Amino acid sequence: MSHWSARFPRVPLCHRPTPLEPAPNLSETLGTPLWIKRDDCTGLAFGGNKARQLEWYLGDARARGADTILITGAVQSNYVRSAAAAAAKLGLAICVQLEERVPNTDQAYQSSGNALLNQLLGAVVRSYPEGEDEAGADQALDAWADELRREGRSPYVIHLGTEHPPLGALGYVEAAEEFLAQAAALGLSGGTIWLPSGSSHTHAGVLVGLALFGGSDWQVTGACVRRDAPTQTERVLATTERLARLLDVPNPVAPQRVRLVDDTLAPGYGRLNPETLDAMRLFAQKEGLILDPVYTGKAAAALVGRIRAQEALAAPVVFLHTGGTPALFGYSDALFSFLTD
Ligand SMILES: Cc1ncc(COP(=O)(O)O)c(C=O)c1O
């Protein structure tokens, strides 16, 4: 039987496998063995988890003969920046819609980090005034695609809404398979995988991949970065169902396997809090590891908080570093003030 992935068109965008490496200083400080799965090292324009996901969207786009990719996200979205890089690599045009999802932003937020990289990568940028209107953002992208069609172009839209097939999650089914091979070679089993949970493609992909490839001895905890835990639990579960349908298998993920914590979400998506800044400083100063303020910093803060509160987590803990590091520079003023205070 051919490998499951052969059924879906894809384009290669990533360095793979990404390293799975120990974090000895953090392990000592936190009193629990901690490993890092380095998906910040996927290689495409500063790396990150979205490169794995985009291989399948861009594969689908190419199979359909698209000449232009459209995508929507926050001004400092890593997904948007990664899509712009992928499109550039494949010789496709890229149209990006940047949502005002974060209130009271400063100049750095609007023009540094990922916003700067979008310009460098040649994206055509439009602004969208709403931040929490997923359906509206998708509709605006579809309307933009219609405009392009009238001009004779062949657009391909990467939607946010959960009604569309979760092609991106295929990247994390594969990443789970990759991780299990690495863990077996290192003699690691039965631990906890800790990851940030946003669109849910990473989280659902990992859960499905572990279930399909013999990794059910690993627990998975998602740290909420955008929605509260009950809402995100529903979203992840729904994505596992749609992903199983895409793979043409019964959903292998039992609802009780979907675990979310929202301890460090406040005050909201893309907004800093002291625990996140502390965790970013801890990872940097103990391991030389750079986290971002929107996703990995919040996930690390939730993990550190739980360990310090002596919550029993199955060991070893594997922190999935999903990248996002360019956003650091979009938050440079706030971060600099905190660090020099
Ligand atoms: C750096 C980073 N980590 C994690 C996530 C969340 O991943 P997902 O959207 O697959 O849930 C994102 C989403 O944009 C991200 O950019």
Side-chain angles (χ1 to χ4, degrees), residues 18 36-42 44-57 71-85 96 98-99 101-102 113-114 117-118 131 134 137 158-162 164 166-176 193-209 220-227 231-233 235-240 242-243 258 260 262 264-265 269-270 276 280 283 289-303 319-331:
T18 57
I36 316 285
K37 175 65 172 158
R38 297 291 306 272
D39 273 14
D40 55 322
C41 300
T42 53
L44 178 72
F46 292 92
N49 61 336
K50 293 297 170 177
R52 286 193 192 264
Q53 301 182 7
L54 284 161
E55 291 199 341
W56 310 87
Y57 287 108
I71 190 166
T72 186
V75 173
Q76 285 295 334
S77 165
N78 302 298
Y79 201 9
V80 164
R81 172 257 307 165
S82 303
V96 311
L98 299 183
E99 304 159 27
R101 223 182 263 177
V102 179
N114 287 311
L117 294 173
N118 292 337
E134 208 163 68
I158 301 176
H159 295 98
L160 285 182
T162 50
H164 301 279
L167 287 179
L170 295 173
Y172 274 87
V173 173
E174 185 178 68
I193 299 174
W194 197 276
L195 48 80
S197 189
S199 76
S200 75
H201 283 184
T202 301
H203 194 169
V206 167
L207 283 168
V208 169
V220 180
T221 300
C224 296
V225 294
R226 185 160 179 203
R227 300 167 196 87
T231 313
Q232 187 67 7
T233 301
R235 190 177 175 104
V236 174
L237 195 53
T239 306
T240 62
R242 288 177 308 115
L243 178 55
V258 182
L260 271 306
D262 57 10
T264 52
L265 172 60
Y269 175 82
T276 297
M280 290 171 69
F283 274 56
L289 270 176
I290 306 303
L291 304 180
D292 81 289
V294 183
Y295 298 96
T296 54
K298 284 203 168 170
L303 174 62
F319 182 80
L320 177 58
H321 190 331
T322 50
T325 45
L328 198 61
F329 304 101
Y331 287 81

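Counting convention: from 1, in listed order, for ligands and their atoms alike. Note that the coordinates shown come from a computational prediction; the quantities given were computed from them, not determined experimentally.
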Rounded distance (nearest 0.5 Å) linking atom [atom1] of [X] with atom [atom2] of [Y]:
X      : Y      : atom1 : atom2 : result
Leu160 : Glu99  : CG    : CD    : 5.5 Å
Thr322 : Arg52  : OG1   : CZ    : 11.5 Å
Tyr57  : His201 : OH    : NE2   : 4.0 Å
Phe319 : Thr296 : CZ    : OG1   : 5.5 Å
Leu320 : Tyr172 : CG    : OH    : 5.5 Å

Please determine if [X] has a nitrogen or oxygen closer than 3.5 Å to a nitrogen or oxygen of ligand 1.
X      : result
Thr202 : yes
His203 : no
Pro196 : no
Thr296 : no
Lys50  : yes

Pick one of side chain, backbone, both or neither for how Val225 approaches ligand 1, counting any non-hydrogen atom pair under 4.0 Å.
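Looking at Val225 and ligand 1, no heavy atom falls under 4.0 Å.
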Ligand 1 versus Tyr79: contacting region, heavy-atom distance under 4.0 Å
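Contact part for Tyr79 vs ligand 1: neither.
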Which of the numbered atoms in ligand 1 are below 4.0 angstrom from a heavy atom of [X]?
X      : result
Ser199 : 8 (P), 9 (O), 10 (O), 11 (O)
Gly324 : 1 (C)
His201 : 10 (O), 11 (O)
Gly323 : 1 (C)

Test your reading of the model: is there a side-chain donor-acceptor pair from Trp56 to the backbone of Ala169, 3.5 Å cut-off?
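Between the backbone of Ala169 and the side chain of Trp56 there is no qualifying donor-acceptor contact (under 3.5 Å).
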Has the side chain of His321 got a donor or acceptor atom that lies under 3.5 Å from a matching backbone atom of Ile290?
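Yes, His321 side chain to Ile290 backbone: donor-acceptor pair under 3.5 Å.
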Can you find a side-chain donor-acceptor pair between Gln53 and Thr202 that sits under 3.5 Å?
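Their side chains do contain a donor-acceptor pair, which is all the 3.5 Å distance test asks for.
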Donor-acceptor pair between Asn78 and Ser82 side chains, under 3.5 angstrom
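No pair is found: no donor N or O on one side chain lies under 3.5 Å from an acceptor on the other.
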Tell me, which protein residue and heavy-atom name are nearest atom 7 (O) of ligand 1, and how many Å apart are they?
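Scanning the protein heavy atoms, the shortest distance from atom 7 (O) of ligand 1 goes to Asn49 ND2, 3.1 Å.
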Atom 3 (N) of ligand 1: which protein heavy atom is closest, and how many Å away?
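Checked against all protein heavy atoms, atom 3 (N) of ligand 1 sits closest to Thr322 OG1, 2.6 Å.
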Check the angle between the aromatic planes of Tyr269 and Tyr295 and answer parallel, tilted or perpendicular using the 30° and 60° thresholds.
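Taking Tyr295 first and then Tyr269, their aromatic rings stand perpendicular (interplane angle over 60°).
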Ignoring hydrogens, just give me the one of Gly198, Ser82, Ser77 whose non-hydrogen atom is nearest atom 11 (O) of ligand 1.
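Minimum heavy-atom distance to atom 11 (O) of ligand 1 goes to Gly198.
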Given Asn78, Leu195, Leu320, which has its nearest heavy atom closest to atom 16 (O) of ligand 1?
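Result: the heavy atom closest to atom 16 (O) of ligand 1 is in Asn78.
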